Amino acid sequence: MLEERYSPHAIEVKWQKYWEENKSFKVEMDKDKPKSYVLEMFPYPSGNLHMGHVRNYSIGDVVARFRTMKGFNVLHPMGWDSFGMPAENAAIKHGIPPKKWTLENIANMTRQQKALGLSYDWDREVATCKEDYYKWTQWFFELFYKKGLAVKKKSAVNWCDTCNTVLANEQVIDGKCWRCDSVVEKKDLEQWFFKITDYADELLKDLDLLEGWPERVKTMQRNWIGRSEGLEFSFEIPELQEKVAVYTTRPDTAFGVTYVVLAAEHPLVEKICANNPKAVEIKAFCDKVRNQSDIERTSSESEKEGIFTGVYAINPFTGRKVQIWITNYVLYDYGTGAVMGVPTHDSRDWMFADKYGLEKIVVINPKDKELKLEDMTDAYEEKEGVLVNSGKFTGMEMHEGMQAIMDEAEKMGIGSRHVNYRLRDWLISRQRYWGAPIPIIYCPHCGEVLVPEDQLPVRLPEDVDFNAGSVSPLATSESFVNCTCPKCGAPAKRETDTMDTFLCSSWYYLRYTDPKNDKAPFAKKANQYWGPVDQYIGGIEHAILHLLYSRFFLKVLRDAGMVDYDEPFANLLTQGMVIKDGAKMSKSLGNVVSPEEILEKYGADTARLFIMFAAPPERELEWSDQGVEGSFRFLNRVWRIVYNYLPQLEQKVTSYDTAGLTEADKELRRVVHGSIKKVTADIDKRFNFNTAISTMMELVNALYAYKEAKQEANAGLVYEAISALLRMLAPFVPHITEELWRGAVDADSSVHAQKWPEYSEDALKVDNVEIVLQVNGKVRGRLTVPAAATKEELEKIALADANVQTHIGDAKVMKIICVPGRLVNIVAK
RNA sequence: GCCGAAGUGGCGGAAUUGGCAGACGCACUUGACUCAAAAUCAAGCGUAGUAGCCCUACGUGCCGGUUCGAGUCCGGCCUUCGGCACCA
């Protein structure tokens with residue numbers, strides 16, 4: 001029996017319990033049904049859900065429930081990205097073991113998620129910190145290792161002193177640590193890398209396949225990968241009997257080279273210093289540059305500095321002797337770590353040449369004029385022009401010259417065409433405790449040895465000192481470090497670093513397809529059925545990090561034959577932030593609204609409805625307490641109208657005779673079917689949940705208007721309207737619709753097990769339409785005409801209109817434009 | 001500097017293919033109900049002119065263009081947000 005008043009808490013608890021006990025959202029493979037894999041980015045178990053989570057999960061839940069009703073077999077799982085620093089910090093600060101802290105947080109956040117009424121298959125839950133998960137993370141490390149994609153190498157890496165660990169390039173934002181904002185230092189260390197650069201070209205190219213991704217995210221990834229094409233060629237250094245290779249994207253300016261610059265770390269520096277009277281000075285300069293932080297070094301505003309080495313190189317194209325300099329503005333780890341200096345056509349070189357009085361030669365002229373050095377105030381960098389002062393290439397158009405000079409370099413054997421990427425290899429080792437240990441053993445005889453597969457997982461020890469400093473806390477556990485070599489049995493030592501948590505999250509979406517498998521990370525069959533993710537939903541902050549790493553991971557697995565598609569996420573929706581008073585919710589601003597507080601006051605359905613209604617999903621969402629109030633009001637309105645129509649619904653009349661409908665009936669029927677058409681398209685094609693909801697509000701308004709109409713309600717029509725309304729609202733507000741469905745439509749079935757409603761074209765038809773009368777494009781009147789009116793009839797009616805005639809006045813009618821069903825426009829002069 | 005997204009009432013936002021700008025909601029105003037208030041139901045609500053309706057003019061960041069007709073298309077700017085940036 002349906003209560004007269006809507007009381008959210010009682011019904012929400014009731015249906016949540018029912019769904020849980022009945023495992024209502026459990027799914028299995030079913031070859032007879034089309035599948036859909038809907039996934040929200042799994043959270044870090046920080047302890048409490050925030051509004052961003054609620055938004056993320058509400059969007060996912062609407063999509064999942066909608067597709068289920070549309071007949072898809074929907075995979076909609078949830079899990080935990082549960083390794084990471086906060087757990088370790090809790091251990092350091094409060095002495096709570098990371099595992100305990102993490103599991104308690106997971107328990108609390110799971111409770112909060114369940115209170116939102118989300119349709120997850122909880123049997124598929126994964127947590128990356130659990131042994132049955134990180135065992136496979138380690139297994140993947142071994143796979144990458146065997147394929148030569150996991151390598152240990154020494155290089156200058158990013159070090160965060162606050163977090164006591166190295167960081168990947170992607171985790172350094174503006175020279176600062178992504179997590180704690182401390183300035184990152186460079187350190188020369190031997191570390192484990194994943195060779196993501198091997199896949200740079202494919203990661204770039206395949207972005208074109210991702211039609212269902214936002215342009216913004218693809219652009220960010222393109223920028224990050226940073227592909228450039230150019231020429232790599234060498235200058236001879238006769239006095240050292242050496243060569244120095246440079247990389248340039250402007251080979252057309254090769255005849256304008258007046259000097260060569262090296263990065264301070266360049267290996268030639270040492271040779272240059274041997275028997276060099278300026279050796280002490282040069283070394284001091286290089287030390288100074290190397291000690292600058294990345295921020296100082298790479299800021300384009302900072303002063304360019306350099307020192308002349310006293311050594312010369314020969315430009316292979318001109319035979320000219322040019323000075324070799326060392327500077328702070330050349331990056332050692334991009335290209336060859338050395339650059340040719342062309343002051344006239346590169347503004348950085350211009351500044352440098354000005355400062356140190358180096359020669360300038362014009363080698364490109366704009367198409368229509370001649371450059372004169374004395375008139376120039378900066379380099380000419382435009383991408384069009386004609387070569388001059390360039391030997392046999394003089395007179396060539398710039399792009400033609402570029403190709404010709406590259407051909408020449410290849411012919412001369414001094415260089416070749418080359419592609420460079422900004423993307424660097426992914427540094428995956430971390431000197432931290434709460435992560436998956438790297439499954440490597442160092443043996444004094446055999447060297448680096450993988451832990452045999454049957455000995456995985458390498459378990460995290462518990463007897464560690466979390467304040468170990470610049471080494472991983474794992475190094476303080478004797479029982480962990482000391483082991484025997486799997487190959488020769490000699491005493492050996494374990495690797496003590498753990499893996500970047502982004503590695504754990506690079507494959508979790510695959511585990512969901514087969515979460516309990518203890519023979520493999522997932523069965524190929526399960527993945528063939530469920531994969532790839534059809535709709536991925538998450539924050540834009542992962543545009544590069546997680547989304548790039550996952551794409552890389554999947555391509556490696558594809559090449560290993562484990563999956564047979566190219567991209568992990570076919571469609572991506574990046575939701576906007578939830579803000580209040582114009583700013584991101586934060587403790588320091590005091591503008592945080594906690595989900596629990598809203599749930600307590602209004603219930604989950606109101607919270608979900610408001611979040612879906614207040615803004616389109618990709619945009620920022622401005623929190624409004626009054627808006628929440630409005631959503632609550634709407635749900636009450638829905639409740640009341642259903643309650644009001646109980647007498648009609650109880651007759652169980654489920655059909656009606658279309659011939660016997662009154663005008664009011666027809667109008668309601670038209671709104672019902674029009675709503676079904678629009679709501680379906682808004683959810684399915686456009687993800688415009690806000691307009692879907694506004695359409696349903698209009699439907700509710702129409703039901704109120706129908707109630708006011710001076711006639712008896714048509715029970716069959718009312719049944720159709722209420723039944724469609726509840727089904728369409730069900731993905732958004734699952735509890736209230738379930739209660740109303742069972743109480744007013746069908747006590748024995750769940751609204752969530754129903755088919756999505758369908759509309760009939762026939763019901764959309766109208767007898768009369770209102771058309772707009774225009775004179776010269778301006779609206780001068782409105783008329784209701786039969787929908788079937790012909791062009792000729794419309795023209796006649798339009799010309800007869802009094803106001804239209806006033807506006808035509810004495811002018812002559814030139815022509816009449818008729819858009820049936822919309823307007824008549826009279827062009828008069 | 002390069003790349004991307006966006007600019008519409010007091011506010012959040014609609015207008016999907018070039019065809020009535022402002023759907024829906026919030027806020028506000030009024031009426032009904034009530035002793036009263038809340039809740040609810042009904043109505044109004046871009047700006048200006050008009051007591052008021054009708055009506056008229058203006059109105060989607062700015063300037064221009066195409067078109068019978070432009071929030072929407074084209075050219076040129078401005079502003080805001082986001083990404084990359086000494087990447088040769």
Side-chain angles (χ1 to χ4, degrees), chain A residues 173-174 214-228 230 246-250 253 261 297-304 327-331 333-336 338-342 345-349 351-352 381 420-424 540-541 543-544 610 613-616 618-631 633-634 636-637 640 678 681-682 685-686 688 690-698 700-701 704-705 707-708 770-782 803 806-807 814-819 821-829:
Chain A
I173 318 280
D174 295 330
E215 206 47 51
R216 182 156 71 129
V217 174
K218 289 192 274 187
T219 305
M220 281 163 73
Q221 292 212 355
R222 279 189 195 106
N223 286 345
W224 188 262
I225 295 167
R227 183 180 199 271
S228 85
V246 299
Y247 171 73
T248 179
T249 54
R250 292 296 304 276
T253 64
V261 262
R297 256 186 101 168
T298 58
S299 151
S300 48
E301 277 93 64
S302 74
E303 188 68 13
K304 297 183 182 8
T327 66
N328 62 347
Y329 80 89
V330 172
L331 301 173
D333 57 356
Y334 181 80
T336 61
V339 170
M340 64 184 204
V342 186
H345 302 292
D346 182 292
S347 66
R348 293 157 302 181
D349 296 348
M351 275 193 269
F352 192 74
E381 290 184 308
N420 263 317
Y421 297 94
R422 216 189 64 94
L423 182 71
R424 305 296 142 85
I540 186 76
E541 66 273 16
I544 294 171
F610 168 71
F613 178 59
E618 305 213 64
R619 277 210 229 170
E620 272 184 353
L621 186 155
E622 170 80 38
W623 187 268
S624 150
D625 290 331
Q626 283 164 332
V628 178
E629 197 74 53
S631 294
R633 208 145 49 205
F634 171 69
N636 277 287
R637 228 167 121 73
R640 276 194 305 272
K678 175 141 174 65
D682 279 352
K685 304 266 183 317
R686 304 204 307 157
N688 277 14
N690 54 331
T691 53
I693 293 168
S694 72
T695 304
M696 292 187 279
M697 286 174 169
E698 286 176 279
V700 171
N701 290 346
Y704 273 86
K707 189 163 71 79
E708 295 294 310
E770 193 190 61
I771 59 155
V772 171
L773 307 180
Q774 295 183 337
V775 178
N776 292 328
K778 291 205 166 150
V779 180
R780 298 301 175 191
R782 292 183 174 83
N803 198 33
T806 325
H807 283 275
M814 307 298 285
K815 63 174 166 175
I816 300 176
I817 284 148
C818 237
V819 184
R822 283 194 192 271
L823 58 82
V824 180
N825 186 15
I826 296 158
V827 186
K829 261 187 192 169

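None of the values given here were measured: they were computed from a predicted structure.
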**OP:** Dot-bracket notation for RNA chain B is requested: 5' to 3', Watson-Crick or G-U wobble pairs only, both distances under 3.5 Å, with ( ), [ ], | and . as defined.
**Re:** (((((((..(((......[....))).(((((.......))))).((((.....))))..(((((..]....))))))))))))....
**OP:** Assign A:Pro214 to base, sugar-phosphate, or nothing according to its heavy-atom contacts below 4.0 angstrom with the strands shown.
**Re:**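 Since no nucleic acid heavy atom lies under 4.0 Å of A:Pro214, the category is nothing.
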Original post:
Within the structure shown, what part of the strands sits under 4.0 Å from A:Val827 by heavy-atom distance: base, sugar-phosphate, or nothing?
Top reply: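 Result for A:Val827 = sugar-phosphate.
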Original post:
Would you say the side chain of A:Lys815 and the base of B:C68 hold a donor-acceptor pair, judged only by whether the two atoms sit under 3.5 Å apart?
Top reply: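 Side chain to base: no pair below 3.5 Å.
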**OP:** Look at the side chain of A:Lys678 and the base of B:U16, then say whether one donor and one acceptor between them are separated by less than 3.5 Å.
**Re:**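 Such a pair exists between side chain and base.
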Original post:
Is the closest side-chain donor-acceptor distance between A:Asn701 and A:Arg637 under 3.5 Å?
Top reply: yes
Subject >> Short N-O contact, A:Asp333 and A:Arg424, less than 4.0 angstrom >> reply: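 A salt bridge is present here (some side-chain N lies under 4.0 Å from a carboxylate O).
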Original post:
Going by number, which of residues 216-223 of chain A have a non-hydrogen atom under 4.0 Å from RNA chain B?
Top reply: A:Arg216, A:Thr219, A:Met220, A:Asn223
Original post:
Does A:Lys304 make a cation-pi contact with A:Phe352, if we ask for NZ or CZ under 6.0 Å from the ring centre and within 45° of the axis?
Top reply: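 A:Lys304 over A:Phe352 ring: no.
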Subject >> Closest approach of A:Glu381 to A:His345 (non-hydrogen atoms, all atoms of both residues) >> reply: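 Residues A:Glu381 and A:His345, closest heavy atoms: CG-O, 3.7 Å.
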**OP:** Could you pull out the closest heavy-atom pair between A:Ile544 and A:Gln221, with the gap in Å?
**Re:**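 What the structure gives for the nearest pair is O-NE2, 4.2 Å.
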**OP:** Could you tell me whether the side chain of A:Tyr329 reaches within less than 4.5 Å of the side chain of A:Val261, counting heavy atoms only?
**Re:** yes
Original post:
Taking syn as any angle within 90 degrees of 0 and anti as the rest, which one fits B:G4?
Top reply: anti
